[in-house]
Amino acid sequence: MKDSFRWYGPNDPVSLEDILQAGATTVVSALHNLTNGEVWDESAIKAHQKIIIDAGLNWEVVESIPIHEEIKQRTGSFEFYIENYKKTITNLASCGIYNVCYNFMPVLDWTRTHLYYSMNDGSKALYYNNTALAAFDLFILKRVGAKKTYDKNQIKKAKSYFKSLSPDDIKILSKSIIAGLPGAEEGYTIEQFRKKLQQYEYVSSEDLREHLILFLEAIIPTAEKLGVKMCIHPDDPPFSLFGIPRVVSTLKDLNILFKRVPSIYNGLTFCTGSLGVRQENDLIQLFKQFANRIHFLHLRNIRREGQGSFVEANHLEGDVDMFSVVHSVINEEKKRKKENRLDWELPMRPDHGHQMLDDLNKKINPGYSAIGRLRGLAEIRGLALAIIRTK
Ligand code: DNO
């Protein structure tokens, strides 16, 4: 595995020097200062890349080039944005960057209800609680039609949860859900969020899936020609939120996507924490089935609490069997090496980490503090080495 760390650019409180000291050899990064849909100029890419190289690292994966909402809805200037997307990946390839992670979740990227959830050991974790989300949806956002999304019992629980919240708690919950998590690129006020959701009133799951496939049919030939591997990130969490569709959550979703656009440049970011929230997503089975088109790994653990709720656990704890996942990765790498594939080594980043030790007193990007991720990387590297050496 190519040990990587995500870096949000010069404003990231975690520096490239910190990343080097954590034991990573490559970084995963993006031009976060650009607006969605804009072309990434070669000069801007080169300038960012130079900072990384000067620090002794390599920009291995782009995470993410966001997909403009008009592409997801196929409205307005979607054709223009698709052309821009092609130009961006062409410019990246000119700079020697061939791995692009993106997602196709409408309106929201990854979503949590709590960003500083206290664990028993005093560290803080990211947490998704379905009752808290329903309370926000029903009683704070007051989304039209929200009642149809939940059953009676969920509504009852959400109501009493909402009643227990102070005005400050309400602010914090709302902010956690819609203000935009690191890398999400877009954040909203309640009013803006309502408007955004309305744009999806007439977009069904089938429509969204078709829009994704049409997008891929348009860009994959270019990606293939350039040698750029496009790696879709699964929905996080892997189910619909606020009544809007999500179409990259299950084995069935992935099967359809790869059957319709079979090129291996139509690849997958294998995110254990996102896919693992659904118990029926058998991670080892999924890995084996799509191994050929997995070009990027997000290794993270979660502990399921039922009905979609989960807390982010330490990397080697929780419901994801990290030993078996890493084992499968190493087998795949061995196989690729035998086939003389140049891309035999998979870039991997420890996805998220608890806020702990000194980081508890620092300003951090939720999920992306230095020490928690360093712990995750160290544990996963140790696990990988032990598997390789005992084989
Ligand atoms: C969260 C990340 C996501 C991911 C995007 C990919 O921690 O995994 O924000 O970068 O969904 O486009």
Side-chain angles (χ1 to χ4, degrees), residues 1-8 14 16 18-30 52 57-64 97-103 110 183 229-234 236 264 267-276 283-284 286-288 290-302 312-318 320-337 341-354 367-389 391:
M1 286 185 292
K2 279 189 189 169
D3 304 321
S4 310
F5 237 60
R6 191 172 194 176
W7 183 60
Y8 284 106
V14 180
L16 288 167
D18 297 338
I19 292 176
L20 200 61
Q21 288 178 18
T25 52
T26 64
V27 299
V28 170
S29 198
I52 296 170
L57 290 153
N58 201 11
W59 185 3
E60 182 72 27
V61 180
V62 173
E63 179 175 355
S64 312
I97 301 171
Y98 297 103
N99 202 327
V100 173
C101 170
Y102 69 101
N103 74 78
W110 60 304
K229 287 169 259 167
M230 296 297 304
C231 310
I232 197 159
H233 188 286
D236 181 6
I264 66 156
L268 176 66
T269 297
F270 189 72
C271 178
T272 54
S274 304
L275 291 165
L283 292 176
I284 305 307
L286 282 173
F287 186 89
K288 284 195 183 131
F290 302 118
N292 212 26
R293 60 178 79 245
I294 292 173
H295 307 301
F296 182 31
L297 306 164
H298 281 185
L299 299 188
R300 167 162 74 77
N301 221 318
I302 44 97
E312 295 202 4
N314 286 314
H315 290 76
L316 301 188
E317 293 154 24
V320 171
D321 177 357
M322 202 54 84
F323 171 80
S324 301
V325 169
V326 174
H327 203 275
S328 305
V329 171
I330 288 165
N331 282 342
E332 171 63 15
E333 290 188 329
K334 238 180 163 177
K335 182 169 154 267
R336 290 186 186 189
K337 229 173 165 176
R341 262 175 76 166
L342 292 176
D343 65 344
W344 67 270
E345 207 177 3
L346 281 160
M348 176 280 297
R349 65 175 183 81
D351 199 14
H352 309 170
H354 290 173
Y368 289 92
S369 58
I371 303 171
R373 284 186 296 158
L374 180 153
R375 173 174 169 177
L377 180 63
E379 290 180 342
I380 291 167
R381 287 175 79 198
L383 175 62
L385 185 66
I387 294 173
I388 294 167
R389 292 289 278 268
K391 258 185 176 285

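Remark: Ile284 pairs with Asp282, Lys288, Ser324, Val325, Ser328 by the side-chain contact (heavy atoms from CB on, under 4.5 Å) rule, at least two apart or across chains. Judged as a salt bridge (charged side-chain N to carboxylate O under 4.0 Å, His left out), and not counting sequence neighbours, the contacts of Glu379 are Arg375. For His352, the ring pair (Phe, Tyr, Trp, His ring centres under 6.0 Å) test picks out Trp110, Tyr368, with sequence neighbours left out. Partners of Asp3 according to the side-chain contact (heavy atoms from CB on, under 4.5 Å) rule, which considers only residues two or more places apart in sequence or in another chain, are Met1, Met348, Leu377, Arg381. Considering only residues two or more places apart in sequence or on other chains, Tyr98 meets the side-chain contact (heavy atoms from CB on, under 4.5 Å) condition with Ala93, Val228. Residues passing the side chain to side chain donor-acceptor pair (under 3.5 Å) test with Arg373: none are found, sequence neighbours excluded.
In this structure, CD1 on Ile232 lies 8.5 Å from CE on Met230, to the nearest 0.5 angstrom. Rounding to the nearest 0.5 Å gives a distance of 5.0 Å between NE2 of His298 and CG of Asp351.
In this structure, a donor-acceptor pair under 3.5 Å is absent between the side chains of His233 and Glu63.
A heavy-atom distance below 4.5 Å is not found between the side chains of Cys101 and Val28.
Contact record, Gly276 with Leu283: N-CD2, 4.1 Å, taken as the closest heavy-atom pair.
Around CG of Leu342, the count of heavy atoms belonging to other residues, nucleotides or ligands within 6.0 Å does not exceed 12.
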